[in-house]
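Before any comments, here is the structure.
Because the structure is a prediction, the values reported are computed rather than measured. For this chain, numbers begin at 1 and follow the sequence in order.
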Amino acid sequence: MQIPQTLSNEQQYIEIATNIGLKLVRDAIWKDDKCNWVTTQVGAANGNFQVLRNSCSPYVYGGIGGISLFLAYLSEFNHNNLISDCLQGAVSNLIVLSEAKSNKVFSYYNGKLGVADVLITIGQLKNNKAWEEAGWNLLLSVKDESIHDNDLDVINGVAAVIPMLLRLHRINQYDWLKAMAERCGELIKQKAIYTNNYCSWITMPGSSALTGYSHGNTGICLALFELYNSTGNQDYLNMAFHGIAYERSLFNPSVQNWPDLRQAPGTALSSPKYAQSWCHGAPGMVLPYIRAWQISKDNTLLTEAHAAAITTANGLFTANANFSLCHGILGNAEILHTAGIIMGDESLIAKAHEAAKYGIDRVANFHLQWPSGVSDPNGGNEVFENVSLLLGTSGIGYFYLRMAYPEKVPSIMMIGG
């Protein structure tokens with residue numbers, strides 16, 4: 001049955017999110033009082049990369065942490081006991097899995113600190129003191145761990161951890177949170193590479209210093225802007241602007257985009273490619289540059305953010321064929337929606353709603369699988385469904401919740417701010 005066109009935008013969007021949530025409830029695999037899901041992901045097997053089916057990790061990007069965040073916000077708008085029970089089972093499992101010693105620590109999207117933040121967030125949202133306490137205990141258990149060999153970027157490293165810790169510090173005023181953030185900042189300073197007036201960081205073995213948010217300079221520079229905003233230390237601000245200068249040196253005005261400089265180890269970089277997604281390319285530059293402008297008052301950053309937003313809007317339905325937040329249509333639409341709210345640009349907000357309706361017309365009304373951010377590395381055309389926040393249906397549901405009530409559901413596309 002199609003979603004009735006007589007429903008308001010908000011009602012349509014909540015209905016789509018609810019349908020996704022109930023499918024997660026149906027597909028959950030239970031053991032005692034804990035649940036998990038099987039999902040698709042690209043991984044190495046038998047000597048090459050292929051699409052695999054595995055149980056979800058505890059993490060925010062591709063696992064139970066992100067799914068729990070979606071279910072928690074969904075339960076604010078739909079009080080179905082099945083959704084609440086599934087959230088309880090997911091969080092119970094999340095707490096147990098997050099305690100494993102082998103887990104990465106200093107990463108928001110793929111580490112313990114992100115899981116801790118999710119537990120604190122949904123514990124406060126649902127007034128569940130046990131969940132909130134579990135989050136704080138997880139943070140405290142790792143606050144003194146070494147970060148010497150940690151990654152730097154947003155996806156795997158300290159660049160997203162810093163704004164997360166500083167956000168928690170603004171709310172709770174625990175000095176150790178700020179101290180953790182500054183330790184992460186020192187790691188960024190130690191690993192900075194200076195060339196003339198440029199500053200950059202190597203985040204992928206074998207590649208040049210990357211542009212962009214998830215793995216590149218943008219995310220690291222934003223962390224430095226946030227540290228300056230919190231501490232007043234001018235060194236952070238100067239380094240951030242040197243990093244921005246590196247990205248400006250690579251900007252291509254003819255395509256209004258920054259090059260994707262990823263390359264396989266041992267291979268030469270061919271002619272530049274220009275991605276258009278949150279993880280690589282112009283869309284990922286929009287919100288960090290807006291936030292950097294808010295902190296520094298440098299109007300050039302706002303101009304660059306607007307240019308990136310226009311590039312994102314122009315390629316919204318042609319750059320990516322899936323609906324994921326990480327590198328799909330709805331992730332780019334969420335960026336436009338948030339940017340439009342901050343900048344007061346109704347055209348960007350309207351473009352985001354156009355994408356939301358596109359998903360309804362192409363997928364939801366026909367009860368099809370949502371094409372996820374997982375694609376066949378060997379070039380096949382099969383549509384893979386994924387249940388996670390950044391790659392799959394939890395993120396799609398989260399997008400529709402945020403489109404319905406942006407004042408109640410925070411953006412997941414940029415941490416902090």
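Checked by atom type and distance alone, the side chain of Ser394 never pairs as donor or acceptor with a backbone atom of Gly66 at under 3.5 Å. No donor-acceptor pair closer than 3.5 Å links the side chain of Ser98 to the backbone N or O of Lys112. One N or O on the side chain of Thr312 and one on the backbone of Ala308 form a donor-acceptor pair closer than 3.5 Å. A donor-acceptor pair is defined here as one N or O able to donate and one able to accept, closer than 3.5 Å; no such pair exists between the side chain of Thr218 and the backbone of Met285. With Asn36 contributing its side chain and Cys56 its backbone, the two residues share a donor-acceptor pair below 3.5 Å. Asn172 places no side-chain N or O within 3.5 Å of a backbone atom of Tyr174 that could act as its donor or acceptor partner. With hydrogens and angles ignored, the 3.5 Å screen pairs a side-chain donor or acceptor of Gln11 with a backbone N or O of Ser8. In this structure a side-chain-to-backbone donor-acceptor pair under 3.5 Å is present from Gln256 to Pro253.
In Tyr358, the OH atom is crowded: over 12 heavy atoms of neighbouring residues, nucleotides or ligands sit closer than 6.0 Å. A 6.0 Å sphere centred on CZ of Arg170 holds more than 12 heavy atoms belonging to other residues, nucleotides or ligands. Within 6.0 Å of OH on Tyr194 lie more than 12 heavy atoms contributed by other residues, nucleotides or ligands. At most 12 non-hydrogen atoms from other residues, nucleotides or ligands lie less than 6.0 angstrom from CG of Asn381. Counting heavy atoms of neighbouring residues, nucleotides and ligands inside a 6.0 Å radius, atom CG of Asn378 exceeds 12 of them.
Between Lys357 and Glu354, none of the side-chain N atoms (NZ, or NE/NH1/NH2) sits under 4.0 Å from a carboxylate O, so this pair counts as no salt bridge. Using a cut-off of 4.0 Å between Lys/Arg side-chain N and Asp/Glu carboxylate O, Arg248 and Glu304 are scored as salt-bridged. At a threshold of 4.0 Å, the pair Glu334-Arg402 counts as salt-bridged, since one of the basic side-chain nitrogens sits closer than that to a carboxylate oxygen. Between Glu385 and Lys23, at least one side-chain nitrogen of the basic residue sits less than 4.0 Å from a carboxylate oxygen of the acidic one, meeting the salt-bridge criterion.
Annotation: His327 is not in aromatic contact with His280 [ring centroid separation under 6.0 Å not met]. The six-membered or imidazole ring of Tyr236 lies away from that of Tyr228, with a centre-to-centre distance of 6.0 Å or more. A centroid separation of less than 6.0 Å is found between the aromatic rings of Trp278 and Tyr109. In summary, the aromatic rings of Phe241 and Phe225 are positioned with their centroids under 6.0 Å apart.
Between Thr40 and Asn386 the shortest heavy-atom distance is O-ND2, 2.6 Å. Residues Leu71 and Cys86 share a closest heavy-atom pair of CD1-SG, 4.2 Å. Closest approach of Ser75 and Lys126 over heavy atoms only: OG-NZ, 2.8 Å. Nearest heavy-atom pair, Ser200 versus Ala209, reported as atom, atom and distance to 0.1 Å: CB-CB, 3.4 Å. Between Gln276 and Thr311, the shortest heavy-atom distance links the atoms OE1-O, 3.1 Å.
Among Ile155, Asp151, Leu390, the single residue meeting the side-chain contact (heavy atoms from CB on, under 4.5 Å) criterion with Asn110 is Ile155. Applying the side chain to side chain donor-acceptor pair (under 3.5 Å) test between Tyr289 and each of His306, Glu247, Gln294 identifies Glu247 as the sole match.
Two residues are said to be in side-chain contact when any heavy atoms from C-beta on lie closer than 4.5 Å; Met414 and Arg291 meet this criterion. Between Leu227 and Asn233 there is no side-chain heavy-atom pair separated by less than 4.5 Å.
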Exercise for review: Kindly indicate, with the supporting measurements, whether the criterion side chain to side chain contact (heavy atoms under 4.5 Å, CB included) is fulfilled by Ile290 and Thr338.
Suggested key: CA-CA 10 Å; Ile290 291 175; Thr338 300; over 6 Å; no

Practice item. Could you go through the side chain to side chain contact (heavy atoms under 4.5 Å, CB included) check for Val115 and Leu97 one step at a time? Key: CA-CA 10 Å; Val115 173; Leu97 292 176; over 6 Å; no

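Lys351 forms no cation-pi arrangement with Phe317, by the criterion of a distance under 6.0 Å to the ring centre and an angle within 45° of the ring axis.
Atom-to-atom distance recorded for Cys279:SG and Asp153:CG is 11.5 Å, nearest 0.5 angstrom. Atoms CG and CG, on Leu74 and Leu24 in that order, are 9.0 Å from each other to the nearest 0.5 Å.
Remark: Asp376 pairs with no residue by the salt bridge (Lys or Arg N to Asp or Glu O under 4.0 Å) rule, at least two apart or across chains. Residues passing the salt bridge (Lys or Arg N to Asp or Glu O under 4.0 Å) test with Arg183, sequence neighbours excluded: none.
Donor-acceptor pairing under 3.5 Å is lacking for the side chains of Trp201 and Asn217. Ser107 and Asn156 form no side-chain donor-acceptor contact under 3.5 Å, judged by distance and modelled atom types alone.
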